[in-house]
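Residue numbers begin at 1 in each chain, while the letters A, B, ... track the order of the sequences.
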Number of protein chains: 2
Amino acid sequence: MPGARESKDGWPTQRDVAQRAAVSTMTVTRVLRDDPRVLPATAERVRAAVAELGYRRNEIARSLRLASSTGLVGLVVTNLANPFYSRLALSVGSVVAEHGLKTVIGNTGQDLDNERSLVEDLVARRVDGIIAVPAGADQRHLAAAAAQDVPVVLASRPPVGFEADCVLVDDFGGARDATERLLAAGHRRIGFLGSPPAVYTGAERLRGYAAALEAAGVAPDDTYVRQEQQQTGEAARAAAELLALPTPPTALFCSNNRNTIGAFRAISAAGADTALAGFDDFELADALGLPLTLVAYDSDELGREAGRLLTGRMRAGSVRDETAEDTPPRRTVIPTSLVEYGVLPQGIWQVGERGEAGETDR
Amino acid sequence: MPGARESKDGWPTQRDVAQRAAVSTMTVTRVLRDDPRVLPATAERVRAAVAELGYRRNEIARSLRLASSTGLVGLVVTNLANPFYSRLALSVGSVVAEHGLKTVIGNTGQDLDNERSLVEDLVARRVDGIIAVPAGADQRHLAAAAAQDVPVVLASRPPVGFEADCVLVDDFGGARDATERLLAAGHRRIGFLGSPPAVYTGAERLRGYAAALEAAGVAPDDTYVRQEQQQTGEAARAAAELLALPTPPTALFCSNNRNTIGAFRAISAAGADTALAGFDDFELADALGLPLTLVAYDSDELGREAGRLLTGRMRAGSVRDETAEDTPPRRTVIPTSLVEYGVLPQGIWQVGERGEAGETDR
DNA sequence: CTGTTAGCGCGTTCAA
DNA sequence: TTGAACGCGCTAACAG
């Protein structure tokens, strides 16, 4: 004897509630919506039935009826284990939540096929919008989504091959500034460690590095440039190779936090006094016992702005039909600033100044 | 003249495809399912129509028809910015993906109301299962979900008030071991820094700490116990207070990485030589220039096991109806081990040994 | 204030 | 090998 409650698959439906309360399903709908045109007594009966049956309305059926408004936004990132992306997820979530939207997070693992199928799945699930950090330059799946009137916002990379809003970090300027700082300290042989050229931010930051060198009249030297490292281990090895050159660089600029940490380890291991600068601030950067120049920026603002751009598009798409449709794509750039960490332990009161996003409760 | 393509809201439907291919919707369904009983010629026409219209089947309608199987699992965590949780999300995702399932991540921000509404929303969206790290002891919303035959698995905390599978870390044993290590080094005044008592892991780790003290014949002293810190800043202040006592502790045990990092900062700032031990391994722990004993465990395994337990339940729930229904709840415990970090910089080749989950591509 | 009708997009059932 | 009818659970539009 199966313990089916009211309906076949165990879930009480609106009709079950209606029957129990001796009303029509429409009345149930109205009560659930707090429609004032329902007699208090009736509403009470319905509410009682809802409670007794443990009824929850089926959002699937609901959003089918309501035609494409699931109240979900899709967020596509390459690696959630990177604090940058998990914070992005949080800040995006906080903004869209203000609009009553939930976030579905997809992780591509930097794989284009994953990314494509993920985006297609989100579209098939009728998310109301997508925020993506695309892995590469092939963004046809995103273009397709945008072409189907799904608002798309790119974070940290610009759209290629189609039009969409995006939020960027000042990759070029930040890298240039940091490199200039090294030059100003007298360095002339400055190495570069970064991600593969195909990664937009890596390429931009390399440009900034090169621009600073050129402006200072320092000839670029490919011997000092390594751009295939995505993990700290790879970065440490690449840095060690540079340090082992006959004429090693006296300073290193790293285009992201993985490379900075790897370079730090290589420098420590070698006991070298190579100067170090890098893109991205990170926790404990001030505690490494090495002078360190970092390019910092408000990564939470990046996520919030992405959320704002997206909700703006969603609003536009639904309210009007002609004018707002073709608002030109917006592009926001998050500014960067340089942060210097020293050899001495920082006072504890400085702790709160940098983002304390990593609160725990474990 | 609105540029509606085929259907009113811009989305081509199965019927649009059917019309264009001059077949019925049923044939379209069959082609999409690669049903061999369709004439190759017909199938080709349909595929062409699909391509030309850019048709994607509507997963919303599909899962409505298919009655509660959305292919989605919900993951509820308290703070995604904590690496522990973002890695949990990744490892859970990797396991459920093998079963063709996607993950919906919800962040509660440690707020019970958020958690409740999040879980209810997931249930209303008919996720096929839920993995949760509940914020507190009030788990009625999870119990309700479980009662409605939504498989629920708890991670890092046990269920209270209902039955469910769960994966735990050996909180008690790990904390006891670390404290014993401090005792073995001769320490007798050992402080404790941790999260609020309401947090299960915090309470268990305090128990482990206390058990070790008792076994060593050291009388517990509440003066040395602070358990309200959730962020590094709070932890640093609490640690500083302990260090400023007339008879300060000579060692500190911290029940999680936030407290360990905070304590580290306080010790550095004070220039003290207080010994430090803590629960959770974390990146750069080896680079702090302080001796450090950490309780490490395989956090990825925790997520994978949670995923396995959940998919196991989902399978059971759908295949049979009588026997497997009441399989007793399973409880897995992830073992811990102690890791020692020293004052000297570690060689770079040691880098790869600890999890390199934080690869970046930025 | 409440109920009836109709249909969102898809897939199952049964018939042709 | 293909199609027509029906319904999943819900709600907009119109009665009454």
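Taking atom CG on A:Leu66 and atom C1' on D:dG9, their separation rounds to 12 Å, with Å as the unit. We find that CG of A:Leu64 is positioned 14 Å from P of C:dG7, with the value rounded to whole Å. Atom-to-atom, CH2 of B:Trp11 to C1' of C:dC10 comes out at 16 Å; the value is rounded to the nearest Å. When the C1' atom of D:dC10 is taken as reference, atom CG of B:Asn58 falls 14 Å away, rounded to whole Å. Computed from coordinates, the A:Ile60 CD1 to D:dT11 C1' distance equals 16 Å when rounded to whole Å. Between the P atom of C:dG3 and the CZ atom of A:Arg37 lies a distance of 13 Å, rounded to the nearest Å. Look at CZ on A:Arg15: it is 14 Å from P on D:dT11, rounded to the nearest Å. Counting to the nearest Å, the P atom of C:dC10 and the CG atom of B:Leu32 are 9 Å from each other.
Contact check, A:Arg62 against D:dT11: a side-chain N or O comes under 4.0 Å of OP1 or OP2. Dashed line: the shortest gap from a side-chain N or O of B:Thr27 to OP1 or OP2 of D:dG3 is under 4.0 Å. Remark: A:Arg33 is in phosphate contact with D:dA12, judged by side-chain N or O atoms under 4.0 Å from OP1 or OP2. Taking 4.0 angstrom as the limit, A:Arg65 places none of its side-chain polar atoms (N or O) nearer than this to OP1 or OP2 of C:dA6. Look at B:Thr25 and you won't find any side-chain N or O under 4.0 angstrom from OP1 or OP2 of D:dG3.
Two residues are said to be in side-chain contact when any heavy atoms from C-beta on lie closer than 4.5 Å; B:Asn82 and B:Val77 fail this criterion. By the 4.5 Å heavy-atom criterion applied to side chains, B:Val73 and B:His99 are not counted as neighbours.
For the pair A:Val38 and B:Met26, nearest-nucleotide mapping onto DNA chain C gives the more 5' position to A:Val38.
As judged by a 4.0 angstrom heavy-atom cut-off over every strand, A:Thr29 is placed among the base-contacting residues. Within the nucleic acid shown, B:Val23 comes within 4.0 Å of sugar-phosphate atoms alone, with no base atom in reach, counting heavy atoms only.
A donor N or O paired with an acceptor N or O is not found under 3.5 Å between the base of C:dG11 and the side-chain atoms of B:Arg30.
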With side-chain contact (heavy atoms from CB on, under 4.5 Å) as the test, would you mind laying out the steps for B:Leu142 and B:Phe162 before giving the verdict? CA-CA 9 Å; B:Leu142 289 168; B:Phe162 72 113; 3.8 Å; yes
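A salt bridge links A:Asp121 to A:Arg125: at least one charged side-chain nitrogen sits closer than 4.0 Å to a carboxylate oxygen. Between A:Asp34 and A:Arg47, at least one side-chain nitrogen of the basic residue sits less than 4.0 Å from a carboxylate oxygen of the acidic one, meeting the salt-bridge criterion.
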